[in-house]
Protein chains: 2
Amino acid sequence: MRSRVICNALAPEAREALGRLGRIQRYPRGTTLVWEGEDSRIVANLLSGVLKLSSSTADGKEQILGVAYPSDFVGRLFAPVASYRVTALTDVEVCLFSRTAFEAFAREHPALEHALLEHTLADLDRAHAQLLDLGRRSASARVAAFLLDLSQRLAEARCAAAGGDGQPLDSFDLPLDRQQIADLTGLAIETVSRTLQKFHRAGIIALAGRRHVEIRDRARLATIAEA
Amino acid sequence: MRSRVICNALAPEAREALGRLGRIQRYPRGTTLVWEGEDSRIVANLLSGVLKLSSSTADGKEQILGVAYPSDFVGRLFAPVASYRVTALTDVEVCLFSRTAFEAFAREHPALEHALLEHTLADLDRAHAQLLDLGRRSASARVAAFLLDLSQRLAEARCAAAGGDGQPLDSFDLPLDRQQIADLTGLAIETVSRTLQKFHRAGIIALAGRRHVEIRDRARLATIAEA
DNA sequence: GGCCCGCGTTGACCGGAATCAAGGCGCCCG
DNA sequence: CGGGCGCCTTGATTCCGGTCAACGCGGGCC
């Protein structure tokens, strides 16, 4: 399996040239890096931490479109305005590029555009899965699917960073608070809370503190997520 | 504005070479070209007609992930299995390619991969808009948004084919029946029917026959779609 | 270590859309 | 032009999840 970091598609010298275009930047939890509707001037590679990509209705209800983990590429290439907001869910470290400079560089390096294409197709697959969830699944199924997806993606991010084995994690801290889980799953915060407690009482998961989760019965969770 | 057909990104000789890889094929309405979960062996360019891309839950509820119009590229590159079903909503004419042959050709032609990237990013934008709809909007807003989007995309497809001006159409035939609109908007068929009748009684649209729609008050429809 | 703020949980109630159940009627066929 | 099938509409009822409201409690801060 190839690395998930897009710049690894490049030869070492090209990678170094790209590195010179970018600059490392840190932001504290809660910072919004890009607002929906504003000029799309930057794109970024997420080095550490977790970002949310979100959009909202005119009357202020928010929907999280996706969550980015370390090694993910973030930003909308080839569009003058950003169509979603990008916010740090944890302290984050990103490698920022000027969108236009990055685009020009990509034009010169087909391998990079190829990697971006594969990455974007994977994002599209995830969006499709989320569409099925939001359109056709119950609250329980959505929360179960969220937990399973999170455990998988945290494991992948850890793998990309530290060379773990990519097996899903059974015990982890939620990078999202209850409201954010609600925004991701298209539910109300109370429904998220009730559903998590229901899983807890059923012995499917364990909850400790506000953020810690342990998956105790992955198979049952998967069954619930299917329906 | 560049053409929306991806092969127009190529120089004439390359376009001809690509043409030799593909073959034109017609299918009657209702044909499923690709099943979800089966080997992903083909990709295609839609020449005429309308396709739906859909996925379903274990218990059989369907969600339409997107609808493809003439000039759209369809299929999942770089994945061994198809993640969604592709079905003809009308009689269609497509230019079919072997997925692997197309991929190899794209590797040799960076301009094609670039066009595919832009196309995929546009698909992702549409999926994001649909996520906001399904997660956070009422039945009325979803149906209104569907009608507006359809009128826009039918106009674009007509533009790509016949050189129209790309202005949204106010009068058109629905390529989808009520059940398919329900599957696209994540609603029940009865809710779709009731909502359309409500718009009709309010004078926002006119309905004639089963398929014909005329948008009479686009501004009001847009307001409803926003909420 | 105690206090307090804000996130999370729980309960009561409500409402929008799903579901269940009949008809109506457009449209294709003979 | 008439019949009948299948799509569509309409109505009655249910129920899931949203909303409103109050309380609990974890964890940060003094």
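By convention in this document, chain letters (A, B, ...) are assigned in the order of the sequence lines, proteins followed by strands, and residues within each chain are numbered from 1.
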**Q** Take atom CD of B/Glu190 and atom P of C/dG23, then tell me their distance rounded to the nearest Å.
**A** 16 Å

**Q** Establish, yes or no, whether a centroid distance under 6.0 Å links the rings of A/Phe102 and A/Phe78.
**A** no

**Q** Quick one, which residues of residues 137-150 of chain B touch DNA chain D with a heavy atom under 4.0 Å?
**A** none

**Q** Would you kindly compare B/Lys61 and A/Leu176 by the position of their nearest DNA chain C nucleotide and give the one closer to the 5′ end?
**A** A/Leu176

**Q** Ignoring hydrogens and geometry, is there a side-chain-to-backbone donor-acceptor pair from B/Gln130 to B/Leu184 under 3.5 Å?
**A** yes

**Q** Round to the nearest Å and state the distance from A/Arg210 atom CZ to C/dG6 atom C1'.
**A** 7 Å

**Q** Base, sugar-phosphate alone, or nothing: which one does A/Gln197 contact when heavy atoms must sit under 4.0 Å apart?
**A** sugar-phosphate

**Q** Within this structure, what is the CG-to-P distance between B/Asp183 and D/dC7, rounded to whole angstrom?
**A** 13 Å

**Q** For the pair made of CG in B/Leu187 and P in D/dC16, what is the distance, rounded to whole Å?
**A** 18 Å

**Q** Using a 4.0 Å heavy-atom cut-off, does A/Ile189 contact any base of the nucleic acid, only the sugar-phosphate backbone, or nothing at all?
**A** nothing

**Q** So, is A/Thr191 near the phosphate of D/dG17, with a side-chain N or O under 4.0 Å from OP1 or OP2?
**A** no

**Q** Under a plain distance cut-off of 3.5 Å, with no hydrogens placed, do A/Ser55 and B/Arg136 share a side-chain donor-acceptor pair?
**A** no

**Q** Tell me: CD of A/Gln179 to P of C/dG8, nearest whole Å?
**A** 9 Å

**Q** Distance only, no hydrogens: is a donor on one side chain within 3.5 Å (strictly under) of an acceptor on the other, for B/Thr195 and B/Arg142?
**A** no

**Q** Does B/Arg201 contact D/dT9 through a side-chain donor or acceptor facing the base, at a distance under 3.5 Å?
**A** no

**Q** Check if the side chain of A/Arg194 and the base of C/dG11 share a donor-acceptor pair of N or O atoms closer than 3.5 Å.
**A** yes

**Q** Under a 3.5 Å distance rule, please check whether B/Arg216 uses its side chain to pair with a backbone N or O of B/Asp170 as donor and acceptor.
**A** no

**Q** Atom CG of A/Leu207 and atom P of D/dC25: how far apart are they, to the nearest Å?
**A** 15 Å

**Q** To the nearest angstrom, how far is A/Arg178 atom CZ from D/dG26 atom P?
**A** 13 Å

**Q** Starting at atom CD1 of A/Ile181, determine the distance to atom C1' of D/dG17, rounded to an integer number of angstrom.
**A** 17 Å

**Q** What do the steps show when you test A/Arg218 against A/Ser151 for side chain to side chain donor-acceptor pair (under 3.5 Å), and what is the final call?
**A** CA-CA 10 Å; A/Arg218 184 171 288 270; A/Ser151 90; 3.2 Å; yes

**Q** Can a donor-acceptor pair be found between the side chains of A/Arg178 and A/Gln180 at a distance below 3.5 Å?
**A** no

